[in-house]
Protein chains: 2
Amino acid sequence: MAKDGKAAARGKQERLVSAAVELAHRQGYRKTTLADLAEAAQVPLGNVYYYFKTKDDIGEAIVQHRESEFEAMRAHLDGLPTPKARLVAFVDMTMRNAATVAKHGCPMGSLCAELLKDGGQLAERSNALFAKPMDWMERQFSALGYADAAADLTLQLQSSLQGASLMTQSFRDPALLEREGRRLKSWIEAL
Amino acid sequence: MAKDGKAAARGKQERLVSAAVELAHRQGYRKTTLADLAEAAQVPLGNVYYYFKTKDDIGEAIVQHRESEFEAMRAHLDGLPTPKARLVAFVDMTMRNAATVAKHGCPMGSLCAELLKDGGQLAERSNALFAKPMDWMERQFSALGYADAAADLTLQLQSSLQGASLMTQSFRDPALLEREGRRLKSWIEAL
DNA sequence: GTCTATACGGCGATAGAC
DNA sequence: GTCTATCGCCGTATAGAC
C-alpha cells in the first residue's frame, strides 16, 4: 500500500541521516562519500538522491539532527532542581564522552570546525550547533543570579569545553577532558 | 651556475611552503589543491612534485612552519622580565589576531582539527602544533611558583584560547576572543 | 632542474528502466 | 518510489621532453 511505501521511505531517510551523523563524526563530513553513506544505511547509491538533492542537504540534516539531540538532552537536564545541578550535569555528560572525544572529537565542535573550513553555505549554519546550548547555559547562569555576567560565563564554559575537547582529540588522551571537566564542575559549584 | 640553480630552488620551495601555509589557513588544507598552490607560488603544477613527493609532505611542511613560527614568537616572549609578563604577552598576541581568527580560525587550532578529521598520517602529527607552546606555558607557570599545578593551568589556558577561537570563528565575532583574552590576562595577573 | 601534457581514480550527480 | 549504470569533472600524481 501507499502507507507502507511512505513508512519505508521514512525508514530509509532516518537510516540515511543516522548513518550520516555517525560517519561524519567518525571519519568527517567531507571524507564521507555518498557511497559510504549508501552502504552504511543499506540503501542503493542512486536512491540517496531521492531523499537528498545534494550532499549539502545531507550536511544540513546532520546539523539539524545534532540540534535535536541537544533538545532531548535539555529536556532531561531541565528536570533537575537547581541551575547549578543542571550545569554540572551538562559538564558531566560531556565528560562521560571523553573516550569517544579522544577518538573522533566533540560531535558538535569537530563538525563545526569542518563545516567552517569547507566554506560553503554550511559554514554559515555551523553556529547553529552552539546557539541553543549556549542560550540554555546563559539562562542557567542568569537563574543563578549572574544575569549581568551570564554571557561571559557561558562563553567561558563553552570555550573551555570545546578547547579541552580539541586537546583531548589531538593528544588522544581522555584524561584531559576529564581534568577540565572536574575543574569546571567545582567552578560551577563554587559560584 | 649551479649556485643560482640551488638558490632558485630554495626560493621556490620557500614560496611553495609560504603559499601552502597561507592557503591552508584561509581555505583549508584539504580544499587547497596543488593547482591552487602552484598558481599562488608562481610555480608550474608539475614542478611542485620536484619539491614534494606527495600532498602529505606539504602538510608536514606546513606543520613544521607553524612550529618554527612559535619558536620565533617564543624568542621574543622570553625577552620579557617575568613569567606573568610573558604569559600575558602570549595571550595578547593571540587576541591581536582576533579579526583573522574570526575569518579563518586559529592558524594552529583549525589546522589541527582538519588534520585530525583527515585521519591520515598527518593526524598523528597534529599535536606537534600544540606541544611546544604548551611546554613553554608549563615552564612559565612553574617559574611562577605553581610547579605542581602547571600542567593543569596550561591545559586550562590553552583550552580556553582554542575554544574561544572556535567560537569566534563560528559566530564570526572577534569580540568573543577579545573578551576571553581579557579575562585570561587578569586571571594570570591575579595568580 | 623545469615544465607540458596526460594518465588514473574517485566522487557528486544524473538518466532512465522498472 | 526504487535501483543500475554511467557521465563529467576535478584532483593527485606521473611520464617524459627540454
Side-chain angles (χ1 to χ4, degrees), chain A residues 1-17 19-21 23-24 26-63 114-115 117-123 125, chain B residues 1-17 19-24 26-63 114-115 117-123:
Chain A
M1 333 169 197
K3 207 177 176 186
D4 285 3
K6 287 203 173 184
R10 267 199 303 279
K12 281 194 182 181
Q13 179 136 10
E14 277 160 21
R15 286 208 310 276
L16 282 166
V17 173
V21 167
L23 285 174
R26 288 213 324 244
Q27 49 176 312
Y29 169 69
R30 202 130 193 264
K31 206 175 177 181
T32 298
T33 69
L34 297 173
D36 289 342
L37 210 54
E39 192 189 353
Q42 302 262 51
V43 170
L45 174 57
N47 203 352
V48 172
Y49 285 91
Y50 177 75
Y51 298 99
F52 301 96
K53 300 241 179 299
T54 66
K55 192 182 174 181
D56 267 25
D57 288 355
I58 296 172
E60 175 62 30
I62 295 172
V63 171
E114 198 179 359
L115 297 180
K117 277 290 170 188
D118 257 20
Q121 316 254 2
L122 283 171
R125 287 281 295 138
Chain B
M1 330 173 201
K3 207 178 176 185
D4 285 5
K6 285 203 171 181
R10 268 198 302 278
K12 281 194 183 182
Q13 178 136 13
E14 276 160 21
R15 287 208 308 277
L16 283 167
V17 173
V21 167
E22 195 192 328
L23 286 173
R26 289 214 323 246
Q27 50 174 324
Y29 169 70
R30 203 133 192 262
K31 205 175 179 184
T32 298
T33 69
L34 297 174
D36 290 341
L37 210 55
E39 190 189 355
Q42 302 262 52
V43 170
L45 174 58
N47 203 351
V48 173
Y49 285 91
Y50 177 75
Y51 299 98
F52 301 97
K53 299 241 179 299
T54 67
K55 192 182 175 181
D56 266 25
D57 287 355
I58 295 172
E60 175 63 29
I62 295 172
V63 171
E114 199 180 357
L115 296 180
K117 277 292 171 187
D118 257 20
Q121 316 255 1
L122 283 171

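Just so you know, these numbers come straight off a predicted model, no measurement behind them. Within every chain, numbering begins at 1; the chains are lettered A, B, ... in the order of the sequence lines, protein sequences first and strands thereafter.
Atoms CD (B:E39) and C1' (D:dG11) sit 15 Å apart, rounded to a whole Å. Regarding A:D118, its CG atom lies at a distance of 14 Å from the C1' atom of C:dC11, rounded to whole Å. One interatomic measurement links the two molecules: CZ of B:R30 to P of D:dC10, which rounds to 17 Å at whole-angstrom precision. For the pair B:L16 CG and C:dC3 P, the interatomic distance rounds to 11 Å; values are reported in whole Å. The distance between atom CZ of B:F52 and atom C1' of D:dT14, rounded to the nearest whole Å, is 18 Å. Distance A:N47 CG to D:dA5 C1': 14 Å, rounded to the nearest Å. Rounded to an integer number of Å, the gap from CG of A:L23 to P of C:dC11 is 13 Å. Atom-to-atom, CG of A:L37 to P of C:dC11 comes out at 13 Å; the value is rounded to the nearest Å.
Within the structure, every side-chain polar atom (N or O) of B:Y50 is placed at least 4.0 Å from both OP1 and OP2 of C:dT2. In this model, the phosphate group of D:dC3 is approached by a side-chain N or O of A:K12 to a distance below 4.0 Å at OP1 or OP2. Between B:Y51 and C:dT2 there is a side-chain polar atom (N or O) within less than 4.0 angstrom of OP1 or OP2.
Applying the side chain to side chain contact (heavy atoms under 4.5 Å, CB included) rule to B:A40 yields the partners B:A19, B:L23; only residues at least two apart in sequence or on another chain are considered. A:Q121 is linked by a side-chain hydrogen bond (donor to acceptor under 3.5 Å, both in side chains) to nothing, counting only residues two or more places apart in sequence or in another chain.
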Checklist outcome for this item: Its contact letters, B for base, S for sugar-phosphate only and - for none at protein heavy atoms under 4.0 Å, make nucleotides 13-18 of chain C read BB----
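The side chain of A:P44 lies closest to D:dC3, out of D:dG1, D:dC3, D:dT12.
Exactly one of A:V48, A:V17, A:V21, A:V63 qualifies for a side-chain contact (heavy atoms from CB on, under 4.5 Å) with A:I58. That residue is A:V48.
For the atom pair B:I62 CD1 and B:L122 CG, the distance stands at 8.5 Å (nearest 0.5 Å). Between the CZ atom in A:R30 and the CD atom in B:E114 there is a gap of 8.0 Å [rounded to 0.5 Å]. Note that CZ of A:F52 and CG of A:L37 are 8.0 Å apart. Values are rounded to the nearest 0.5 Å.
Taking the ring centre of B:Y29 as origin, the terminal cationic atom of B:K55 falls inside the region bounded by 6.0 Å and 45° from the ring axis.
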